[in-house]
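Structure first, then comments.
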2 protein chains.
Amino acid sequence: MSQLDTVNRILDAAEVLFAERGFTETSLRTITSTAGVNLAAVNYHFGSKKELIQAVFERFLTPFTESLDRELNRRESQAQLQVEDLLQSLYRVALAGLAREGRDPKRFMRLLGLAYTQSQGHLRRFIVSRYGASYRRFAGQLSGVLPQVDPVTFYWRLYFMLGATIFSLSSFDAIEAILREDFGAVSSLDETLARLAPAAVAMLTAPDVGAA
Amino acid sequence: MSQLDTVNRILDAAEVLFAERGFTETSLRTITSTAGVNLAAVNYHFGSKKELIQAVFERFLTPFTESLDRELNRRESQAQLQVEDLLQSLYRVALAGLAREGRDPKRFMRLLGLAYTQSQGHLRRFIVSRYGASYRRFAGQLSGVLPQVDPVTFYWRLYFMLGATIFSLSSFDAIEAILREDFGAVSSLDETLARLAPAAVAMLTAPDVGAA
DNA sequence: TCAGCTCTTAAACAAACGTTTTAATTGATG
DNA sequence: CATCAATTAAAACGTTTGTTTAAGAGCTGA
């Protein structure tokens, strides 16, 4: 087993276990035994548990933001951008890029949700410093096609949208199971994104009654 | 210090610390020293850490759902219910009821978010079995005033709305700090709810393109 | 006043945690 | 084949965790 194997086996196991149970609830012993490597390998290759957590995020956020940036480049050269187009960029292209690599988009949404809700200050700092530029660029473009919405209202709605996305996709399997039991209707991730996109557009473009 | 004092001091400290750091990241020693009581008091009065967590949720979810139920009773007797009315019931009345008791609604949103994202299976079971009826009643009434929306689409949108609400309100202070720095605009909780309600209405009432 | 119960206290428990250490093993290079 | 650095392995480290124990204090009712 080469060094690269060990590193990737640890990342694979950590990614799944973190998404399932959270960071604090997942011990290095569980990770290494799942990965079939020695306990000390984590500290040898990554330095510490904190750095392993960051490495897990780096491995999926880097291709994610690269896909998003490429898509934003393409959109930017077009005139007449629509809100729908930008959300399609975010939802379809970027997520589909991850799925194409054989990784589960729902798992990444769960991890993103954990990054926000589990305190882990180091992780939030890491993500903001590393990927904040892409996020601000997307937000800027989206804000640009919504000139009628007050900036503060826009940013609140952006967080509403993020919350709706992260929350519903990170709990996708649980929600899907409930709906399947109650209505006998199976929902695929694609179908759910097809429902989420217009809902998000409706929220972003709603008439601005304007507080303050 | 009476027995009731000890129990309440533990609940007060646990509520704040859980909301700040999460369940696993908050030790019983931190809770008891913050509360100024002996370490063993938690196991004596609550039995275990799990049961303490449930007690914290019970203390704010019971009055919350009671307020909501009373409000739903009042609405039910009226004809011509509107989506806006029901969301107002949820946002203003129930949350305001908690605020009236001198407790912080944002903190409860943070705890609700944790209940969903931190694995803690026992907590989700506890909440569903104890408060599921009120939730289903609210969902049923809301669904009733949206007959044009396909049931499956409705339930997905309900989760979108829950995600937007829990996510943005539980991170309220962080988001508010960012917007204050970028726009110099302070947002109160009331203002944010005044933005959230119409955004949620727009999402729920959006035309149903209808998957499946 | 004293028995009897409730509650608090201090101390100890075993288990699990992240990390470090030291030695064995591997694999490439001269 | 010998050498040397990189990697793996097993064991132990000191902390911290939730929980339990056993003794003490404080109050109540007879």
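Chain naming here is simple, since letters A, B, ... match the order of the sequence lines and numbering starts at 1 in each. Hydrogens, waters and symmetry mates are skipped; everything else that's a heavy atom, side chains included, is used.
Among the protein residues, A:T32 comes within range of no part of the nucleic acid, since none of its heavy atoms lies under 4.0 Å from any strand. Among the atoms of the strands shown, none is found under 4.0 Å from any heavy atom of B:T24.
One can place CG of A:N38 at 5 Å from C1' of D:dA9, the figure rounded to the nearest angstrom. Atom CG of B:L17 and atom C1' of D:dT17 are 16 Å apart (whole Å). To the nearest angstrom, P of D:dT17 lies 17 Å from CZ of B:F23. Regarding B:L52, its CG atom lies at a distance of 15 Å from the P atom of D:dT17, rounded to whole Å. In this structure, CD of A:E25 is placed 11 Å from P of C:dC17, rounded to the nearest angstrom.
With ring centers used as reference points, A:F23 lies under 6.0 Å from A:F18. In this structure, B:F57 has its ring center no closer than 6.0 Å to that of B:Y131.
Residue A:H45 places none of its side-chain N or O atoms closer than 4.0 Å to OP1 or OP2 of D:dA6. Taking side-chain N and O atoms only, A:S27 has a distance below 4.0 Å to OP1 or OP2 of C:dC17.
The closest side-chain heavy-atom distance from A:E71 to A:E76 is not below 4.5 Å. Taking the side chain as every heavy atom from C-beta outward, B:L169 and B:L189 approach each other to under 4.5 Å.
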Show me the protein contacts with nucleotides 19-27 of chain D, counting only N or O atoms at under 3.5 Å.
residue	atom	partner	partner atom	Å
D:dT19	OP2	B:N43	OD1	3.3
D:dT19	OP2	B:K49	N	2.9

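Of the candidate nucleotides D:dA10, D:dT17, C:dT8, C:dT8 has the atom nearest to the side chain of B:T6.
For A:E181, the CD atom counts as loosely surrounded, since its 6.0 Å shell holds 12 or fewer non-hydrogen atoms of other residues, nucleotides or ligands.
One finds the CH2 atom of B:W156 at 7.0 Å from the CD atom of A:E176 (value rounded to the nearest 0.5 Å).
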